[in-house]
Enquirer: 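Please see the structure below; I have some questions.
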Amino acid sequence: MASRFQEASLVTSPSYPNAVAWSSENLIAVAAGHLVIIINPALPTGPRGLITISDAELYQIGRVRSQDLLTGGLLPSSLKRERSPCVRSLSWSEIGMSPNHGCLLAVCTAEGRVKLYRPPYSDFCAEWVEIVDISKMLYENLSSMNFGESKNPSTSLSKDQVVEHDHEEDERISSLKACKRRKTSANNINLHEKNYTDRASCSKQDSQAEHNVLEIEVYKQASNGQDRRSLPKALKKCSQEISPQTYVSREALLSSHSVAWSSLLRFSSESSCGNMLRFSLLAIGSKSGSVSIWKVHAPECYHIERSNVSPMVELTAIVQAHSSWVSTMSWGIFGCDSSNPQVVLVTGSCDGSVKIWMSNKEDLQKSVEVYKSSFFLLKEVVAVNPVQVSTLSFVVSNHYNAMHLAIGKGSGSFEVWKCEISTRKFEQIVSTNAHNQVVTGLAWSYDGRCLYSCSQDNYVRSWVLCENTISEVPIPANTPGLSSTTDLPDDFLSCLGVALSPGNLAVALVRNFNVELLNPMYQARSQKAAVEFLWNGAQQSGESEDSSETVTEAILGFSKNEFANWESNILWSLKEFNYLNKPLVLWDMVAAMLAFKQSMPEFVELVLTKWLSVSYLGFHDDISMEDLVPKITKRFSAVPSRLLHILNVISRRVMLSELKTEEINRKLQGQRTNDEGEIDLWLKLLQESERELRERLVGLSFLAYLLAESSQGSVSPPSWNWRPAGLAQLQQWVEINRDIVHSQLETLSLEVKSSLARSSNSTKTALEEEKCPYCAAPVNFHSPEEAFCESSHQKKKKSKDKERCDQSHKLERCCVSMQVCPPTPLWFCKCCNRMTLEPAPETFFALPSFPSDLKSLPKSSFSKVASKPFCLFCGVLLQRKQPEFLLSASPV
């Protein structure tokens, strides 16, 4: 059995499949009963975020005659059992959807309500903040369209229709009423979990027993003698009488069952002065079989102070996808490099069918009617059958140039389908009875080459896809460097979800404990479930790559093949982060390297030497790190900014992990010795890399200012509006380092100086002397990292016959503008601990090299809307610095 390297206990237990999700900013959300528990995998036992699910409000959808309450489809709803709120489905958005550039979390409850939540970055609390009630918006949209029905819906069923159901339901009515009168046993609180497998074969009519019916709740309250004035407001507004069929149809349309986010779509807007429009699609599957697709727009700018900002959300389409509940969905995009990529939505239903829908960005951009969707049916992969679909995993594989679809079923089996992107021909690769109970989670890893499956039978299995065959492989049992740090029991009952880390090197599983086997005094009260973390680095990825010859034998329990797999998978993960659309979240890779560094540091050096030589030199040069560093340092100006960012993170968090971050920053300013061996080697590498990045930003800042000055007086307003700050400080930095900076920077600095001299207003603004924000004393520029004010009222005191001066205020400088940071909330980097006042333009992070001619860059490179809060030196997501007792994401 695979050994977990860390775990986190949960106070409530999950109840439905797909109960865990891993975000692109490195946070894990677990749907655990009436709570959504959000965990930082870097600190699994540390601070957590919470979303508490409350009772859903009742919506007005019509009035049914009392004599029709126990007829037709209303019968199961009228006799539904009481239960507390519970989370059924959740999904993370891509990074960049939250006002602080983080991820939004969509939560769907068992009562059929969907809401969006954001992290409390400015609220200083553990509870996540609700920003949009999607279900309420859906209700308002459907009400305005009369739920897509005719103007005069029928108000009642015919007598024949009513009598038709009387005899066949008499016995069922009496038994259900008797069961409702009994008190629920404490052991059956989680009935919806235990009966999940049984519901797999239920028909659509039987499955409606879980629907929430507004009028039935109201009638029950009135029959208990309550005053009519205390009834919900919706009852007083219910005036339209509708038939039971119409009521059931409307209620099913409003009852959501599953949610799924698409990737962030970007394209130019013809009506926004050349700015980029960015939005993500949110699919919500309902119990009626329809899927509502919502367009959620990303913020135009990001901040960490304002907390009352909600995204713009609009209903794009409603697709009648299936004839029964939509149980699971998954998104995919292929053709990202083309001007009009294809958007794919895969939907699975309780009727056993799986369908693939497709649209493109141009059709999505156009405004269309809600019931005239731009999505068309590409393929019905699986037809209607008695076995429901419990989970899906869909990936567009760049390795195979194909789409891979894994379909998990309630019977315990799963299917794998493959579709060639060029021909769009679907082929079933395998259909296997992998588990004995319902498949509760599927997750592709390593670009669709590996697949993880988990089930309610508590088994987790690993599979490898080679060409058109898939085979099961054992999950590696060895754990590098680390072992379980807590004393959790292993008495698990079921596994209800699996998720992969952003770098694919770690796996998260959520399991329910068998409470009957735990200590009733301690464990059974506080440990209902747990999130387990397994390493995925030693997993076979389907490719046979030559391993380094240095590892010639098994060491510390690892075989040579496991070392080869670790090396191959780490290098694959590093290569994937070269793509700018993939956020730089290196936690799993850094954690794995640190674990190996404790037990086998030569293996870490071996992997990094191979990565550095291939990435910076273009070929694998089998030389020592001492000989490699001078070669790659000369190549810094010719490599992309993303490669420099990855190098800086690895240098700080892996090779210099013995030093504190503040100590590293001090040594980079020249306060280091030459007898530190390997540490000094990596410090030199880090210093040269950061200097190269700073030169690129200074050049872009000078160019942006000159372009803005040259466009003054033009008739048409410029579409680019990034105005750099701190020109005086940037010029002083160039003057201090004029012997080592690029010659272009000196030329641009002189042009900026001349331009400032011609404009008195600009000169006054740019060359104004900096002052201390605490005592208004002057501040001189000596370092781009920090500054000290020169207070005129410093007092001298005597201590032990020696004079000393009271220390002046130590001030931090913005790493982008080099200006003194004000005492306001600032962007903070968790890797290098530097502060940023205004983020750098997106062009800086996308530079393939230092431009041979900075003036050749297009003006669109300086769009303020495209500015993202990433660290200038590390490339990771910036955030507002939080107290240690509050949750925050850890990209490294």
Side-chain angles (χ1 to χ4, degrees), residues 4 6-23 27-41 43-56 81-92 105-115 117 120 125-128 130 184-196 210 259 438 440-441 454 456 458 486-499 508-533 887:
R4 58 178 182 251
Q6 64 181 22
E7 60 282 308
S9 61
L10 305 175
V11 295
T12 53
S13 58
S15 305
Y16 295 95
N18 305 306
V20 61
W22 206 320
S23 75
L27 289 176
I28 294 177
V30 182
H34 68 286
L35 298 176
V36 177
I37 302 175
I38 303 164
I39 302 172
N40 179 1
L43 296 170
T45 58
R48 300 182 178 184
L50 289 176
I51 297 176
T52 305
I53 306 301
S54 57
D55 292 331
R81 63 175 180 266
E82 298 290 340
R83 64 180 181 186
S84 59
C86 183
V87 182
R88 179 186 291 274
S89 175
L90 48 77
S91 177
W92 287 104
L105 183 60
V107 177
C108 176
T109 67
E111 294 176 304
R113 302 295 188 259
V114 176
K115 296 181 180 181
Y117 297 86
C125 62
E127 189 79 20
W128 279 44
E130 175 191 334
T184 304
S185 174
N187 295 330
N188 293 328
I189 294 177
N190 205 16
L191 282 176
H192 44 287
E193 174 192 351
K194 297 181 180 179
N195 295 335
Y196 186 86
E210 296 185 3
V259 292
V438 57
T440 55
C454 66
Q456 202 171 15
N458 198 32
T486 59
D487 191 19
L488 284 181
D490 293 323
D491 300 319
F492 293 114
L493 181 65
S494 60
C495 183
L496 291 179
V498 58
L509 307 169
V510 57
R511 298 179 187 266
N512 283 341
F513 284 116
N514 189 346
V515 182
E516 297 179 356
L517 300 180
L518 300 183
N519 187 318
M521 181 63 68
Y522 304 103
Q523 294 175 332
R525 293 186 176 185
S526 60
Q527 298 176 356
K528 301 298 179 62
V531 179
E532 287 190 306
F533 295 87
L887 174 74

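Source: prediction; values computed, not measured.
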Enquirer: In sequence, state the C-alpha distance, the side-chain angles, and the governing distance for I37 and L50, and then conclude on side chain to side chain contact (heavy atoms under 4.5 Å, CB included).
Expert: CA-CA 5 Å; I37 302 175; L50 289 176; 4.0 Å; yes
Enquirer: Within the 4.5 Å heavy-atom criterion, are H34 and V87 side-chain neighbours or not?
Expert: no
Enquirer: Please report the C-alpha distance between V20 and V498 in whole Å, then the side-chain angles of each, then the deciding distance to 0.1 Å, and finally whether the side chain to side chain contact (heavy atoms under 4.5 Å, CB included) criterion is met.
Expert: CA-CA 6 Å; V20 61; V498 58; 5.5 Å; no
Enquirer: Can you tell if the side chain of L105 reaches within under 4.5 Å of the side chain of I38, non-hydrogen atoms only?
Expert: yes
Enquirer: Quick one: closest heavy-atom pair of G49 and L887, and the distance?
Expert: N-CD2, 3.5 Å
Enquirer: Look up atom OG1 in T109 and atom OH in Y16, then write down how far apart they are to the nearest 0.5 Å.
Expert: 9.5 Å
Enquirer: Between R511 (side chain only) and N458 (backbone N and O only), is there a donor and an acceptor less than 3.5 Å apart?
Expert: yes
Enquirer: To the nearest 0.5 Å, how far apart are CG in L496 and OG in S13?
Expert: 8.5 Å
Enquirer: N512 side chain to P14 main-chain N or O, any donor-acceptor pair under 3.5 Å?
Expert: yes
Enquirer: Do the side chains of L43 and T45 get nearer than 4.5 Å, heavy atoms only?
Expert: no
Enquirer: For a quick test of reading the model, state the closest non-hydrogen atom pair linking A106 to V259 and the distance between them.
Expert: O-CG2, 3.9 Å
Enquirer: Under a 4.5 Å cut-off applied to non-hydrogen side-chain atoms, are E127 and P120 in contact?
Expert: no
Enquirer: What I'd like to find out is whether the side chain of L35 reaches to under 4.5 Å of the side chain of V30, using heavy atoms alone.
Expert: no
Enquirer: With a 4.5 Å heavy-atom cut-off, do N40 and L27 have their side chains touching?
Expert: yes
Enquirer: Just do the side chain to side chain contact (heavy atoms under 4.5 Å, CB included) check on L509 and V531 with the steps written out, would you?
Expert: CA-CA 5 Å; L509 307 169; V531 179; over 6 Å; no
Enquirer: May I ask you to decide if C495's main-chain N or O and T440's side chain share a donor-acceptor pair within less than 3.5 Å?
Expert: yes
Enquirer: For the atom pair OG (S89) and CG (N18), what is the distance rounded to the nearest 0.5 Å?
Expert: 7.0 Å
Enquirer: On a heavy-atom basis, which atom in S23 and which in W92 lie closest, and how many Å separate them?
Expert: CB-CD2, 3.3 Å
Enquirer: Between W22 and F533, how do the two ring planes meet: parallel, tilted or perpendicular, split at 30° and 60°?
Expert: perpendicular
Enquirer: If every non-hydrogen atom of F492 is compared with every non-hydrogen atom of A530, which pair is closest and at what distance?
Expert: CE2-CB, 4.1 Å
Enquirer: Once rounded to the nearest 0.5 Å, what's the spacing between atom OG1 of T52 and atom CH2 of W128?
Expert: 13.5 Å
Enquirer: Can you confirm whether V114 sits close enough to V107 that some side-chain heavy atom of one is under 4.5 Å from a side-chain heavy atom of the other?
Expert: no
Enquirer: Would Q456 and S494 count as a side chain to side chain contact (heavy atoms under 4.5 Å, CB included) if you check the C-alpha gap in whole Å, the side-chain angles of each, and the deciding distance to 0.1 Å?
Expert: CA-CA 5 Å; Q456 202 171 15; S494 60; 4.0 Å; yes
Enquirer: Nearest 0.5 angstrom please: E532 CD to Q6 CD, how far?
Expert: 11.0 Å
Enquirer: Quick check for you: to the nearest 0.5 Å, what is the distance between Q527 atom CD and E7 atom CD?
Expert: 10.0 Å
